[in-house]
Every structure is written in structure tokens, then in C-alpha cells.
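Lettering follows sequence order; numbering is per chain, from 1.
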2 protein chains.
Amino acid sequence: MDVAQLAGVSQKTVSRVYNDEPYVSAEVRRRVLEAGEELGYRMNNAARALASGRTRSIGVVTLGTALYGPASLIMGVERAVRDTGYALRVVNTLEGDPTGVAGAVDSLLDQGVDGIVISEPIDDGHGEDLSARGDVPVLVLGAPPLSTPRTLAAGVGADLMARTATEYLLELGHETVHHLAGPQRWYAARDRLEGWRSTLAAHGRAIPPVVEGDWSASTGYTAGRELAADDGMTAVFAANDDMAIGLIRALAEAGRRVPEDVSVVGFDDIPVAAYVTPPLTTMRQPFDTVAQEGLKRLVHSIENPDAPPLPASEPPVDLVVRASTAPPPPRKTPGSGRSAVSSPSGVRPLPALGGGASTYD
Amino acid sequence: MDVAQLAGVSQKTVSRVYNDEPYVSAEVRRRVLEAGEELGYRMNNAARALASGRTRSIGVVTLGTALYGPASLIMGVERAVRDTGYALRVVNTLEGDPTGVAGAVDSLLDQGVDGIVISEPIDDGHGEDLSARGDVPVLVLGAPPLSTPRTLAAGVGADLMARTATEYLLELGHETVHHLAGPQRWYAARDRLEGWRSTLAAHGRAIPPVVEGDWSASTGYTAGRELAADDGMTAVFAANDDMAIGLIRALAEAGRRVPEDVSVVGFDDIPVAAYVTPPLTTMRQPFDTVAQEGLKRLVHSIENPDAPPLPASEPPVDLVVRASTAPPPPRKTPGSGRSAVSSPSGVRPLPALGGGASTYD
DNA sequence: CTGAAAGCGCTAACAC
DNA sequence: GTGTTAGCGCTTTCAG
């Protein structure tokens with residue numbers, strides 16, 4: 001360590017200075033910093049990790065999708081980690097990856113991380129023993145598939161959000177609500193489905209058959225063609241906004257106007273949701289809050305291995321009401337067929353500039 | 001090293017086995033692996049990095065946005081890195097971050113990386129000396145702000161794509177093309193603007209004033225209100241799809257039908273582009289190809305520090321034609337005002353299921 | 001407040 | 001094919 005020589009102190013003192021440890025005189029600290037500056041010194045992270053046994057980095061497992069939800073969650077994590085002093089190591093799992101999430105966790109453990117974040121876990125048939133592999137704490141974001149001692153979960157209360165959406169539609173006067181579900185391998189999709197189903201059950205409403213998509217607008221469109229065939233259908237709760245958009249297009253092509261003939265509620269509040277036609281009523285997810293709080297709890301568990309994990313707090317539920325929802329159309333007189341083919345539906349200006357919307361709850 | 005003992009070999013031999021080095025007899029290799037298995041052994045990455053001087057990891061600087069383009073690029077990088085044996089260290093720069101990209105690069109260098117990827121650089125007023133800081137190679141994705149010895153650039157040929165979009169509109173018969181630009185701090189936005197402007201100039205067309213947004217549908221909407229006021233405007237090239245969607249909504253509210261009255265071309269081909277109304281004609285970016293090729297070149301530069309960098313290849317330009325573009329409306333008779341207020345524009349079914357579209361070039 | 005010694009777990013360079 | 005000897009640059013532990 002050249003810096004030590006130049007500053008005329010011991011190696012350890014240099015270490016103290018660069019680690020902001022106490023018990024270094026201001027004078028010595030200044031001298032060391034100066035010497036370091038002059039030599040363009042930067043600490044060697046590998047050596048530090050080797051000697052201390054702590055890597056000061058957190059591994060992140062992402063599902064390799066372009067989906068807004070997972071991407072937003074990851075970005076929330078990236079944003080949140082800056083305040084913690086930890087670095088991020090990211091590994092990507094493609095859906096259909098043979099080794100799955102477990103493989104990704106393994107590779108992270110190989111690289112050396114103090115904690116792990118798993119974003120939007122899916123049931124890939126490998127899981128279950130995630131936390132058994134290393135003894136680092138694991139934070140599962142998006143939905144809690146399991147909870148072993150060192151596993152934390154930070155959900156977004158998907159079931160509660162699904163309930164809110166469904167009840168809103170019911171309150172509008174709809175007899176029942178259809179559900180355009182996400183792929184059931186995703187825990188997040190399961191939660192939304194479950195929240196919808198149980199709400200309907202609690203209100204004693206009929207539970208229509210579920211249509212499942214893969215989160216894409218494309219499958220939403222396909223599902224929409226199917227749903228459009230059902231004349232009794234007046235309201236749909238879609239598991240995400242992309243599918244809702246595909247769905248709305250299919251409905252429009254089938255001559256079913258949104259929201260006059262059928263109401264649609266999406267999920268996520270993607271940035272364009274306010275600008276599609278009609279502007280989408282949707283459940284906004286508090287990705288940032290969830291990521292931030294989750295990371296805080298993870299760091300706590302890393303730094304206090306023996307303390308009990310911090311409790312999770314329920315994030316707020318936020319229904320953004322725009323123009324894709326309305327009361328159901330008046331009951332059809334029996335025997336009448338589908339209504340007119342196309343919809344003149346004049347375009348109404350947005351209530352307020354920039355995607356204004358009223359917020360419910 | 002306990003594994004060495006259990007297998008009855010030297011430490012170095014264990015090292016050889018785990019590094020897949022040659023010159024180890026099959027028998028010994030088997031014994032070592034077995035011993036390792038039994039002890040649940042995994043190599044210590046920090047020690048390895050310390051001893052070898054190579055971290056086997058690549059740092060990634062991202063701009064902390066939820067934008068589709070940057071996000072897709074990062075995912076391409078994540079996907080591409082799996083085949084290289086390198087790990088990813090990610091650090092996030094928020095726009096408006098005081099330390100900027102340079103700060104992010106610094107922190108990566110502190111953590112120890114063998115190479116750096118900068119995705120979608122912006123001109124944050126700090127830049128310029130990126131590669132002077134460490135001696136690791138740097139890959140700049142999205143647009144090349146500078147090129148020092150060890151800096152590679154993997155552009156997406158934004159200017160060429162802008163040219164293609166603009167010429168397509170011109171060929172449709174439009175007198176000229178307006179441009180809804182991205183924030184000019186982004187090099188990518190500048191390239192698109194430049195490509196558009198030079199194309200117009202090359203064809204001797206008038207160059208309308210540029211309207212600038214911030215990539216969001218919301219600013220696209222605002223810009224749309226402005227543009228709608230210009231009666232002569234019949235075609236707009238938007239710097240991304242989100243803005244195009246906001247723009248289209250504003251036009252519709254102003255009674256200007258797309259594509260009958262004005263044609264709109266977007267940029268990116270976001271997943272919902274095929275399902276909005278009308279389905280969006282847009283320039284598709286080959287994010288995956290760009291990321292993959294860029295990473296390959298970066299790894300080459302890491303592993304062959306003295307060899308000249310691999311040459312970049314131009315990615316293909318891909319115009320996806322959907323329903324937001326058409327020939328201009330017949331010339332207005334002088335003196336006639338704006339046309340009717342609202343647009344009945346019946347919804348036409350998609351040409352093919354799942355966002356079918358014809359591809360141009 | 002500061003320093004000396006030991007060693008984290010691996011790989012480099014060279015022997016055998 | 002395999003082993004030996006040195007460190008990599010830091011932190012730890014224990015003395016002052």
C-alpha cells in the first residue's frame with residue numbers, strides 16, 4: 001500500500017480513513033486523503049470482500065421480459081439501492097429457462113452476494129428451496145410463493161387490488177364481472193384471479209369462465225374476440241393494461257363499444273393508459289414504494305442476521321378512474337340480437353390535460 | 001482448501017478442475033468434483049478476482065427511466081451476457097443526477113469491473129472523459145457521443161431509421177413531414193431529429209418547426225394540440241411510440257382523423273402499438289441484435305486489450321406499416337376552414353390476427 | 001488514537 | 001499431469 005508510505009502511516013490507518021471509521025485524528029485523515037488523491041488510489045473491492053467476508057452487493061433475479069410491471073419493480077430496486085451502499089448484481093432468467101430461478105440464485109451465490117431479490121417469481125417447477133441454498137436473506141417481490149426463515153416477501157396486495165377493481169365494477173351496477181387473467185404460472189396472476197373470484201363469490205355473483213392471456217396485447221385481443229361473443233358480458237377486469245388494450249380493440253371490432261356496452265378495468269397504469277381510446281380505468285401499482293420498502297427490509301436482514309425481519313406494510317391501493325368504465329347498458333329486450341355493427345363514439349376531450357383522472361380510494 | 005485434502009490433491013489442482021483447465025487426468029477431475037460436491041464447495045469469487053486481477057464482470061450504466069427503448073436495450077444486454085461468462089453490475093443514473101453518467105462509471109470502477117456498458121447516454125454536461133477514467137473498455141449503446149481509444153459504439157442507426165420513416169411519408173405523397181422530437185439531451189433524440197431534417201433537406205422540402213417532447217405520451221398529447229392547430233400539417237414523424245399515441249389522441253380530439261387527415265409514424269414498435277387505435281405504423285428497433293453484438297465486441301476488447309476493436313455492423317432498418325399512415329387528403333379548396341369536428345372513423349378489423357402488419361424494407 | 005502481524009481463498013509462475 | 005511457493009490488497013485481532 002503505497003498510500004500508507006506517502007502519508008507516513010500504517011496500512012491499517014489508511015483503511016480506517018477510507019472506511020470512515022472513527023479514531024483517526026483529523027490531521028492524519030487529511031494527510032491520508034491527500035496522498036490517496038495524489039496517487040489516484042481507489043480501494044480494491046475484491047480484496048476488501050475477501051478479507052471481510054462481505055461483498056456489499058445484492059443479487060437481483062429478473063424474469064427476462066419487457067413487461068411493464070417487472071421492469072418497473074427492477075427500476076424501483078435500482079433506485080432504492082443507491083441509498084444503501086450496496087451494489088447490484090443482476091441475472092436474468094428467461095421464461096422456459098431449464099435451470100429456472102434456482103439456477104439464477106445459484107449463479108448469484110457463486111458470484112458472491114449478501115442478499116438476493118427475486119422479482120415477480122413464477123412457478124417454474126424448480127422453486128421451493130430458494131433460501132435453503134445459501135444462508136443469505138432473500139426478498140421476493142411481487143408475490144410470496146413461500147416463506148422460509150430468511151425469506152421476506154413484499155407483495156403489492158394484488159388480491160386486494162383485484163377486489164377493489166371488481167367491487168368498483170359491481171358498484172357501477174354490473175351484474176357480474178369477467179376476468180381476463182394473466183398466465184397462471186405467475187404468482188401475481190394467480191393472486192389477481194383469486195381476488196376477483198373471491199369478491200364475486202362474496203357478493204353472491206355468478207363467476208364467469210376465466211379467459212387466460214400471457215400479458216400481451218396480442219393475447220388480450222384474442223381473448224377479446226372470444227369474450228365479445230358473449231352477449232351478457234358487460235364488464236371485464238383485465239390482469240394488466242396491455243391485455244386490456246388488446247381486448248378493447250377486439251371489442252371495438254366486434255361492435256361492442258367501451259364503455260357504453262362493456263366496461264374494462266386494467267391493471268398497472270402504464271404510461272400510455274391515459275391516452276389510448278378510451279382512456280383506461282386501471283389499478284395503479286405502487287412499484288416504487290414496494291421496491292423501496294422491500295429493499296430496506298432486506299438490508300436490515302443482511303445487517304442484522306439474528307434480528308427478526310422487519311414487518312411488511314400494506315401498500316396503498318389506487319384505482320385510477322378514466323373513461324373505459326361506466327354503468328352497464330340498459331337490459332336488452334329479450335330476443336333482440338347484438339346491437340349495431342360499428343361505433344361512431346365521438347372522441348371526447350380528456351377531462352384534464354395530461355391524463356387527468358379521478359382517483360378512487 | 002478442504003476440498004484438496006478430501007480429494008488428496010493440491011490446491012492448484014482443485015483450481016484447475018474448477019476452471020476447466022486442461023492437463024488434469026479424468027480420474028483426478030472426478031475425485032475433485034466429488035469431494036467438492038460433498039463439501040458443498042463453491043469458489044470464492046472475491047479471492048479469485050483478487051488473485052487474478054480480473055473480476056469477470058461488466059458494469060452497466062442505465063438511465064433510470066421506464067422507457068421502452070432503454071429498458072429493452074438493458075434486457076438485451078442481460079440476455080446476451082449469459083453466453084459470455086461475465087456477470088453484470090448495474091448502476092442507475094437518474095436524469096438530473098448531479099454526478100451524472102461519470103459518477104455512475106466511477107462507482108462501477110470502484111466496484112471493480114472489466115468493462116462498462118452505457119445505455120442510451122444523454123448529454124448531462126459531465127461526459128466527455130468517460131473512458132479516460134479507468135482503462136477498461138466502454139460500450140456505448142444507443143448513440144455514440146464520443147469515441148476514445150477504448151470506447152465502442154453500437155448505434156441503432158437512428159438517423160437511417162429516421163430517414164426511412166420520413167421518406168416513407170414523402171412517398172405516400174405528403175408535401176412535407178413534421179417532427180415530434182424527443183428531448184434533445186438524449187443523443188438518440190438528436191439523431192432522429194437530424195435524420196429527419198436532412199432527409200427533408202435532401203428532397204428540397206420545407207422543414208417545419210420542431211416540437212419537442214420528453215418521450216411521454218403526456219407530452220405527445222400536448223404537442224398534438226399544438227400541431228393540430230396547423231391546417232397544412234398532414235404527416236408527423238414522432239420520435240417514439242408513446243408520444244405518437246398521445247399525439248394521435250390530441251389530433252382525434254381536435255377533429256383531425258388519423259390516418260385520413262394526418263399520418264403518424266412512431267418509433268420503437270412497443271408491444272401495444274399494433275392494438276391502439278389506429279394501429280401504429282412505426283420503426284422497429286432491433287434492440288436484441290444491437291445489445292448482443294455490442295456485448296460481443298465489448299468482451300472481445302476486454303479479452304484482447306491490444307487487438308483493434310471489432311468493427312460494428314449496421315443493424316437492419318425495419319419499418320412496420322400499420323394503419324396510422326395513408327396518402328394525404330386531397331388539397332383543400334382555398335378559403336375552406338377545418339373539416340368536420342368529430343370522426344366517425346369506423347373501426348376496421350386488423351388485417352391479420354395478432355397485430356399483423358406489412359413490413360417495408 | 002495508531003500499528004504489527006496474520007490470513008481471507010485463490011491464481012501465477014515455475015518446478016517436478 | 002501435478003505440486004510448490006508466493007503473493008493479490010485488504011481487514012481482523014490484538015498490542016500498544
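The side chain of A:A51 lies closest to D:dG9 when the candidates are C:dA4, D:dG9, C:dC10. For A:T13, counting side-chain heavy atoms from C-beta on, the closest listed nucleotide (D:dC8, C:dT2, D:dC10) is C:dT2. Of the candidates D:dC8, D:dG3, D:dT2, the closest approach to any side-chain atom of B:Y23 belongs to D:dT2. Comparing atom distances between the B:R48 side chain and each of D:dG3, C:dC10, C:dA4 picks out C:dC10 as nearest.
Going from atom CG of B:N45 over to atom P of C:dG9 covers 14 Å, rounded to whole Å. One atom, CG of A:L50, and another, C1' of C:dG9, lie 6 Å apart when rounded to the nearest Å. For the pair B:E21 CD and C:dC10 P, the interatomic distance rounds to 14 Å; values are reported in whole Å. In this structure, A:K12 atom NZ and D:dG16 atom P are separated by 18 Å, rounded to whole Å. The interatomic distance linking B:Y41 (OH) with C:dC8 (P) rounds to 14 Å, in whole Å. Residue A:R42 contributes atom CZ, which lies 20 Å from atom P of D:dC8 at whole-angstrom precision. Nucleotide D:dG1 holds its P atom 22 Å from the CD atom of B:Q11, rounded to whole Å. Here the P atom of nucleotide C:dC10 and the CZ atom of B:R56 are 13 Å apart, to the nearest Å.
Taking only distance into account, the side chain of B:R16 meets the base of D:dG3 through a donor-acceptor pair shorter than 3.5 Å.
Counting any heavy atom pair closer than 4.0 Å across all strands shown, B:N19 reaches sugar-phosphate atoms only and no base atom.
For B:S25, a side-chain nitrogen or oxygen approaches OP1 or OP2 of D:dT2 to under 4.0 Å. An OP1 or OP2 oxygen of D:dT11 is reached within less than 4.0 angstrom by a side-chain nitrogen or oxygen of A:S15. Look at B:S52 and you won't find any side-chain N or O under 4.0 angstrom from OP1 or OP2 of C:dT11.
Heavy atoms from other residues, nucleotides or ligands lying under 6.0 Å from CD of B:E37 number 12 at most.
Put simply, the side chain of B:D114 gets close to the backbone of B:R56: a donor and an acceptor are under 3.5 Å apart. Side-chain N or O atoms of A:N44 include one that pairs as donor or acceptor with a backbone N or O of A:A46 at under 3.5 Å.
Counting heavy atoms from C-beta outward, B:V61 and B:V105 have side chains that approach closer than 4.5 Å.
A donor and an acceptor atom, one from each side chain of A:Q184 and A:R190, are nowhere located under 3.5 Å apart.
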